[in-house]
Amino acid sequence: MAEESALERERREKVARWRSAGRDPYPYEFPGRVGTDVVRSACAQLSSGSEDLATTMRVAGRLKIVRQHGKTAFADLDDLAGSLQLMLRVNELGEEPYRVWLSDLDPGDIVGAEGHPSVSRRGEPSLLVRSLTLLTKAIAPPPEKYHGIQDVEERIRRRYVDLLASPEVRARFRARTLLVREVRAYFDELGFLEVETPALLRVAGGAAAAPFVTHCNYLDADVQLRIAEELALKRLLVGGLERVYEIGKVFRNEDLDSTHSPEFTELEAYWAYADYHDMRRLMEGLLDRVASRALSLFPDDPTVQAAAARFRPPFATLDFVDGLEHASGLSDLLGKSREELRSLARAVGSTVPDNSSTGTFLDKLFEHYVEPTIDRVTFVVDHPAATTPLAKRHRSKPSRVERFELFTSDFELANAYSELTDPDEQVARFREQLGERGDDRYALDQDFVDALKFGMPPATGVGFGVDRLIMGVLGIPSIKETILFPLVRDR
RNA sequence: GGGCCCGUAGCUCAGUCGGUAGAGCAGGCGGCUCUUAACCGCAAGGUCAGGGGUUCGAAUCCCCUCGGGCCCGCCA
């Protein structure tokens with residue numbers, strides 16, 4: 001806000017007037033306040049047009065709207081608990097204070113009020129104000145009182161304005177935190193240990209994505225921000241921690257769109273002495289619990305009710321290869337050469353590089369033929385081995401791995417394996433991947449292979465985007481609406 | 001990276017065929033002792049995202065740049 005508008009000048013003059021009257025426009029405290037909900041419940045037993053003069057209460061919050069009627073006025077005050085009408089009358093406040101308040105107070109100011117629970121003649125719970133205190137003068141005017149901020153760009157760049165203008169936005173971000181708390185409780189109760197692993201790595205691994213690169217002065221070497229938590233958490237299984245999970249930011253130097261953000265919150269969990277069937281049951285229980293919480297948080301919101309209901313079990317299952325062959329009309333996909341798969345992928349419009357792996361081409365075919373047909377929460381299972389270097393080979397299906405991906409109609413939500421534990425096979429699978437891609441971004445993590453040599457117990461692991469989980473259960477169409485401050489370009 | 005769309009007052013939005021900028025809210029002044037987006041009157045508020053071009057004349061048509069949205073591609 002470089003230029004001072006006429007509106008801001010006006011408000012600064014009010015600040016100056018306030019100061020010259022010996023009052024602090026930015027005081028330090030307002031002790032003894034209660035939430036607006038407390039006043040509301042104190043009003044519950046009062047009849048319209050009456051007040052409880054024996055009770056005095058203090059509330060504080062942001063002034064939203066002032067409605068003046070000459071010698072009486074109404075103002076709506078917002079706090080985290082909701083909103084409350086303040087009743088201001090010359091009778092209670094006195095001529096001079098009443099006049100000063102109404103001339104120097106603006107919507108957007110943060111004020112404290114002391115008064116009596118009261119119900120207006122029209123039946124609105126209110127505080128009959130005895131005294132007011134300016135707690136913070138707002139210099140910048142708030143957005144339009146009815147429409148708020150509509151411009152998507154402005155809402156993201158200045159999320160604080162979006163939040164202060166919209167109780168719905170506040171409720172959505174509060175719900176995000178409560179739902180993540182539910183996720184934590186679920187893993188904690190199952191005996192999983194929450195851990196923190198490094199975000200700064202010499203080589204980012206565990207997924208294939210372009211990393212952010214920065215420089216470490218201490219090491220005098222480039223370091224990368226993590227693109228996954230997987231390789232660190234599996235080392236902990238080698239170390240005997242048996243059940244671990246992490247909720248943390250991962251960073252992928254890729255484009256931002258409605259389901260991708262360069263930094264996002266990932267949960268990964270690893271569970272020793274269990275396989276991907278166990279993990280599927282765990283995930284079903286987690287989705288059920290999170291969806292139930294979402295349903296109870298927004299009982300009157302039809303969007304949330306419809307969205308969350310889709311995350312209640314049972315869920316559909318689709319075999320990757322059967323599903324792809326059925327949807328595409330192709331057959332014997334696992335018997336086809338890389339060149340054949342490449343031309344099939346090219347035929348459906350994919351522009352991935354010629355030297356991509358067979359797994360990449362199969363993924364492209366799946367994305368084209370199958371993903372658009374997924375209309376409910378579905379476990380896609382048993383992918384071709386070529387798509388997945390970190391999973392164990394399937395016990396009974398040749399050329400496959402034990403893996404599931406959880407899809408909604410809108411995006412991939414979770415990815416889980418029976419984890420590969422054989423260090424020699426791990427090296428071979430990495431080499432296969434590297435050789436086909438010829439891409440040194442995905443450098444082999446030798447220390448991870450060394451860790452496997454010490455022995456990792458049989459285990460299953462899962463990873464999912466927390467932001468996407470929130471999108472799914474709350475029915476939010478854009479990942480930016482689940483992230484408080486998404487990355488934006490300079491203006 | 002490609003395509004389509006958008007950017008007008010602090011905010012929400014109009015702006016016709018190219019004729020020189022409009023409303024509501026907020027703010028200012030005045031009125032009103034029960035409103036709920038209060039109401040009534042008056043006045044004020046603009047680099048029409050930025051730059052260039054066409055034209056007697058551009059918010060409007062053309063080109064470039066910036067920012068954003070949607071779709072496609074890419075992101076094992």
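Here is how names work: the chains are called A, B, and so on, in the same order as the sequence lines, proteins then strands, and each is numbered from 1. Both backbone and side-chain heavy atoms feed into the values below; hydrogens, waters and symmetry mates do not.
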>> Both A:Arg403 and A:Gly49 contact RNA chain B. Taking the nearest nucleotide for each, which residue is further toward the 5' end?
In response: A:Gly49
With 3.5 Å as the limit, what N/O pairs link the protein to nucleotides 23-27 of chain B?
from	atom 1	to	atom 2	distance (Å)
B:rC25	O3'	A:Lys145	NZ	3.0
B:rA26	OP1	A:Lys145	NZ	2.8
B:rG27	O3'	A:Lys14	NZ	3.4

> Which atoms form the tightest heavy-atom contact between A:Pro97 and A:Gly94, and what is the distance?
Replying inline: CD-O, 3.4 Å
>> If we count only N and O atoms by modelled type, under 3.5 Å, do the side chains of A:Asp382 and A:Tyr276 hold a donor and an acceptor together?
In response: yes
>> Rounded at 0.5 Å granularity, tell me how far CD1 in A:Ile149 sits from CZ in A:Arg158.
In response: 7.0 Å
> Roughly how many Å is it from NE2 in A:His260 to C1' in B:rC71, rounded to a whole number?
Replying inline: 15 Å
>> Taking only the C1' atom of each, what is the distance from B:rA37 to B:rA26 in whole angstrom?
In response: 12 Å
Below 3.5 Å between N/O atoms, which protein atoms pair up with nucleotides 2-9 of chain B? Just atom names and distances, please.
none

>> Please evaluate residues A:Asp445 and A:Gln426 with respect to the criterion side chain to side chain contact (heavy atoms under 4.5 Å, CB included), reporting the C-alpha separation (whole Å), side-chain torsions for both, the decisive distance (0.1 Å), and the verdict.
In response: CA-CA 11 Å; A:Asp445 185 337; A:Gln426 184 66 81; over 6 Å; no
>> Going by purine N1 to pyrimidine N3 plus the second Watson-Crick contact, or the G-U wobble pair, all under 3.5 Å, which nucleotide sits opposite B:rG7?
In response: B:rC66
>> Using a 4.0 Å heavy-atom cut-off, does A:Gly148 contact any base of the nucleic acid, only the sugar-phosphate backbone, or nothing at all?
In response: sugar-phosphate
> So do A:Arg338 and A:Phe361 actually touch side chain to side chain, heavy atoms under 4.5 Å?
Replying inline: yes
>> My understanding is that a pair needs two contacts under 3.5 Å, Watson-Crick or G-U wobble. By that rule, which nucleotide pairs with B:rG1?
In response: B:rC72
> Can you list the steps and then say if A:Thr214 with A:Val223 is a side chain to side chain contact (heavy atoms under 4.5 Å, CB included)?
Replying inline: CA-CA 5 Å; A:Thr214 185; A:Val223 294; 3.6 Å; yes
> For atom C1', what is the distance between B:rU33 and B:rA38, given to the nearest Å?
Replying inline: 13 Å
> Taking the P atom of each, how far is B:rU65 from B:rC25, in whole Å?
Replying inline: 41 Å
> Base, sugar-phosphate, or nothing: which does A:Val90 touch, judged by heavy atoms less than 4.0 Å apart?
Replying inline: nothing
> Distance between the P atoms of B:rC4 and B:rG45, in whole angstroms?
Replying inline: 40 Å
>> Rounding to an integer number of Å, can you tell me how far A:Ile149 CD1 sits from B:rU12 P?
In response: 6 Å
> For the side chain of A:His69 and the base of B:rC34, is some donor closer than 3.5 Å to an acceptor across the two?
Replying inline: no
> In whole angstroms, how far is the C1' atom of B:rU33 from the CD atom of A:Gln85?
Replying inline: 13 Å
>> Measuring only the C1' atom in each nucleotide, how far is B:rC17 from B:rG30? A whole number of Å is fine.
In response: 43 Å
> Are A:Phe74 and A:His69 close enough that their ring centers fall under 6.0 Å?
Replying inline: yes
> What nucleic acid atoms does A:Ser126 come within less than 4.0 Å of, heavy atoms only: base, sugar-phosphate, or nothing?
Replying inline: nothing
>> Assess the residue pair A:Val90 and A:Thr72 against the criterion (side chain to side chain contact (heavy atoms under 4.5 Å, CB included)); give the C-alpha distance rounded to whole Å, side-chain angles, the decisive distance to 0.1 Å, and a yes or no.
In response: CA-CA 6 Å; A:Val90 170; A:Thr72 193; over 6 Å; no
> Should the ring pair A:Phe379 and A:Phe404 be called parallel, tilted or perpendicular, given that the plane angle runs from 0 to 90° and is split at 30 and 60?
Replying inline: perpendicular
>> Between A:Lys234 and A:Glu230 (salt bridge meaning N to carboxylate O under 4.0 Å), is one present in this structure?
In response: yes
> Between A:Arg12 (CZ) and B:rG10 (P), how many Å, whole number?
Replying inline: 16 Å
> If we call it a pair only when both distances are under 3.5 Å in a Watson-Crick or G-U wobble match, what pairs with B:rG41?
Replying inline: B:rC29
> Under a 4.5 Å cut-off applied to non-hydrogen side-chain atoms, are A:Glu246 and A:Leu267 in contact?
Replying inline: no
Give me the distances for all protein-to-nucleotides 64-68 of chain B N/O pairs that come in under 3.5 Å?
from	atom 1	to	atom 2	distance (Å)
B:rG67	O3'	A:Arg157	NH2	3.1
B:rG67	O2'	A:Glu153	OE1	3.3
B:rG67	O2'	A:Glu153	OE2	2.4
B:rG67	O2'	A:Arg157	NH2	3.3
B:rG68	OP1	A:Arg489	N	3.4
B:rG68	OP2	A:Arg489	NE	2.8
B:rG68	O4'	A:Glu153	OE1	3.3

> Using a cut-off of 4.0 Å on non-hydrogen atoms, how would the nucleic acid contact of A:Gln68 be classed: base, sugar-phosphate, or nothing?
Replying inline: base
>> Rounding to an integer number of angstrom, what distance separates B:rG19 and B:rA58 when you compare their C1' atoms?
In response: 10 Å
>> I need the CD-C1' distance between A:Glu154 and B:rA49, as an integer number of Å.
In response: 13 Å
>> Does any part of the side chain of A:Arg9, heavy atoms only, come nearer than 4.5 Å to the side chain of A:Arg12, both counted from C-beta?
In response: no
>> Can you check the distance between B:rA23 and B:rG67, where both ends of the measurement are the C1' atom (answer in whole Å)?
In response: 27 Å
> What is the ring orientation for A:Phe320 with A:Phe366, classed by angle as parallel under 30°, tilted 30 to 60°, or perpendicular over 60°?
Replying inline: parallel
> How would you label the contact of A:Glu124 with the nucleic acid (heavy atoms, under 4.0 Å): base, sugar-phosphate, or nothing?
Replying inline: base
> Say you pick atom C1' in B:rG68 and the same atom in B:rC29; how far apart are they, in whole Å?
Replying inline: 39 Å
> Starting at the 5' end of RNA chain B and moving along, which residue's nearest nucleotide shows up first, A:Arg89 or A:Pro143?
Replying inline: A:Pro143
> Just how far, in rounded Å, is C1' of B:rU33 from CZ of A:Arg67?
Replying inline: 14 Å
> Below 4.5 Å, heavy atoms only, C-beta onward: do A:Val100 and A:Arg23 meet side chain to side chain?
Replying inline: yes
>> Using a heavy-atom cut-off of 4.0 Å across all strands, would you classify A:Asp363 as base, sugar-phosphate, or nothing?
In response: sugar-phosphate
> OP1 or OP2 of B:rC74 sitting under 4.0 Å from any side-chain N/O of A:Lys364?
Replying inline: yes
> Tell me: CG of A:Leu86 to P of B:rU36, nearest whole Å?
Replying inline: 17 Å
>> From CG of A:Leu84 over to P of B:rC34, roughly how many Å is that when rounded to an integer?
In response: 19 Å
>> Would you say A:Ser120 places a side-chain N or O within less than 4.0 Å of OP1 or OP2 belonging to B:rU36?
In response: no
